[in-house]
J.: 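Got a structure for you, questions after.
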Amino acid sequence: MVTRRRMIGAALATGGGVLLVRTTLRPAPSAATTAAAKDAGHAHPAGAAAPDPGPDAGPALAEKFTTALPLPPVLSPVSTDGGADTYAVTMLRSYARVLPGRRTEVLTYNGAFPGPVIRARSGRPVVVRQTNLLDDPVSVHLHGSAVPVDSDGGPMNLLGAGATRTYTYPNDQPHASLWFHDHAHHLESEHVYRGLAGTYLLTDATEASLPLPAGRYDLPIALRDARFDTAGNLVYRMDDAEGRATVLANGRPWPKVDVAARRYRIRLLNSSNLRFFSLRLADGGPITQIGSDGGLLERPHTTDTVDLSPGERADVVIDFSRYRPGTSVVLTNSMPPGPAEHIGQVLRFDVGRPAPDPSSVPDRLRTLPPLGPVARERTIVLKVEEGGAGVAPLGLIDGRQYDPARVDAAVAFGTSEIWTVHNANTDIPHNFHLHLVQFRVLQRNGAPPGPEEGGLKDTVRLMPGESVRLQATFDSYRGRYPYHCHLLDHSAMGMMAQMEIA
Ligand code: C2O
Ligand code: CU
């Protein structure tokens with residue numbers, strides 16, 4: 001169990017390095033902070049240089065379990081010609097009704113907070129024409145996908161303010177619940193926090209042939225935390241895990257979810273910058289996990305707890321027919337930091353009447369490809385190194401900060417490798433995300449992983465001191481792709497590296 005006793009400092013991009021903003025001390029913003037924010041292209045009214053907004057006003061403004069959970073809009077293609085679905089998306093500043101009686105300025109894809117859903121099918125490419133009407137450069141990354149490097153949306157592959165570019169997603173991979181989000185180096189943390197994240201549901205014949213709950217009984221739910229001022233503005237500060245006491249599900253605080261008394265498939269995404277969730281129904285009732293980052297597990301697994309670190313997904317089935325109509329059951333979170341009366345609750349399911357339910361969860365969901373022979377092993381060490389007073393903390397992988405000009409891992413195309421990833425911090429959690437591949441977790445701390453980690457993964461949790469052994473096969477595309485901690489403040493501090501597949 002993690003307790004983040006101390007806050008690590010935070011870094012803002014500057015011309016030549018990083019600058020410390022120590023959130024525990026709540027310093028008045030320095031001239032240097034303001035200059036750095038300007039250098040980095042920030043012009044946000046409530047940016048890092050704003051005066052101390054006081055504690056999170058979200059819990060006082062939002063009465064729990066009163067707002068209905070919204071479902072994000074599903075995008076329609078602008079064209080289905082040429083064997084591909086083409087979408088047009090505009091990134092723009094907008095306002096969302098997040099808190100009652102307030103409007104919240106957000107950064108959006110097509111005005112939606114959280115971002116829209118793109119539905120795709122394996123074997124049919126998706127083309128997304130992205131236009132950036134924001135003031136900052138952006139980069140759109142489709143998390144969990146195997147795509148050519150030009151469309152990967154890496155940290156340096158920027159789309160400038162006012163520019164348009166086309167991302168092509170071949171969808172030459174099995175079904176999976178993916179998501180897309182901003183990845184512009186040093187800006188990704190604030191951009192994602194302010195709303196640049198959306199859902200991408202890729203399906204295939206294997207998944208479609210199963211009798212799982214579908215249609216209106218298949219709910220994508222993105223969970224995150226946030227901090228608000230009394231006017232309802234999002235407050236962004238680097239490394240502000242402890243300041244964010246509001247839990248948002250699909251962009252609304254502690255919503256209620258009206259469900260019929262039958263089975264639902266729920267696709268959970270943790271889109272937080274820093275927060276880990278450990279989710280449980282308040283009555284301890286069973287949750288059937290059927291999928292993880294890279295699609296369905298081989299077999300369903302029944303549990304009472306689902307853990308999600310930032311960027312991870314879990315597909316679960318909950319059978320609400322076991323509750324009497326009129327019953328309410330809260331989805332709880334036991335992961336600190338934050339006041340338990342707020343961050344301990346996520347949303348509430350309000351169970352209504354029974355509904356016909358032809359769905360079921362088969363014992364066998366899919367067969368994963370066998371793990372091939374291993375060409376090479378590597379060790380990766382993640383560490384946030386705190387400086388002394390006034391010295392910036394560094395986000396390090398193998399002792400080094402991200403350098404886009406450096407290749408950290410030269411991988412031979414077509415081979416499979418085992419990476420042992422270690423969190424060298426004793427009180428700071430991390431996780432590990434590889435672009436381009438879905439990997440398999442072989443071991444966690446020397447033991448076989450639990451069933452929830454037995455499927456395809458692209459992001460894996462690393463609590464303080466933990467080690468994970470994973471195997472990845474690099475047979476889809478060549479080029480330079482990043483790997484990093486998906487606590488976005490850590491990647492913004494440099495906890496990111498680069499592999500070159502050649
Ligand atoms: Cu979801 Cu490189 O990130
Ligand atoms: Cu980290």
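Quick note: numbers below take in every heavy atom, side chains included, and nothing from hydrogens, waters or symmetry partners. Numbering of ligands and ligand atoms starts at 1, following listing order.
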J.: Indicate if the distance from atom 2 (Cu) of ligand 1 to the nearest N, O or S atom of His143 falls below 2.8 Å.
T.: no
J.: Using the six-membered ring wherever Trp is involved, compare the ring planes of Tyr200 and Tyr169 and label them parallel, tilted or perpendicular (cut-offs 30° and 60°).
T.: perpendicular
J.: State whether Phe113 and Arg194 meet the cation-pi test: NZ (Lys) or CZ (Arg) under 6.0 Å from the six-membered ring centroid, and within 45° of the perpendicular axis.
T.: no
J.: Would you mind naming the N, O or S atom of His486 nearest to atom 1 (Cu) of ligand 1?
T.: NE2
J.: Can you tell me how the ring of His342 sits relative to the ring of Trp254, calling it parallel under 30°, perpendicular over 60° and tilted otherwise?
T.: tilted
J.: If the plane angle is over 60° it's perpendicular, under 30° parallel, otherwise tilted; pick one for His185 and Tyr402.
T.: perpendicular
J.: Counting backbone and side-chain atoms alike, does His183 have an N/O/S atom under 2.8 Å from atom 1 (Cu) of ligand 1?
T.: no
J.: Can you tell me which N/O/S atom of His430 has the shortest distance to the Cu ion (ligand 2)?
T.: ND1
J.: Quick one: the NE2 of His435, atom 2 (Cu) of ligand 1, NE2 of His484 angle, rounded to 10°, please.
T.: 110°
J.: Taking His141 for the side chain and Asp182 for the main chain, is one N or O donor matched with an acceptor at less than 3.5 Å?
T.: no
J.: Check all N, O or S atoms of His490 and name the one closest to the Cu ion (ligand 2).
T.: ND1
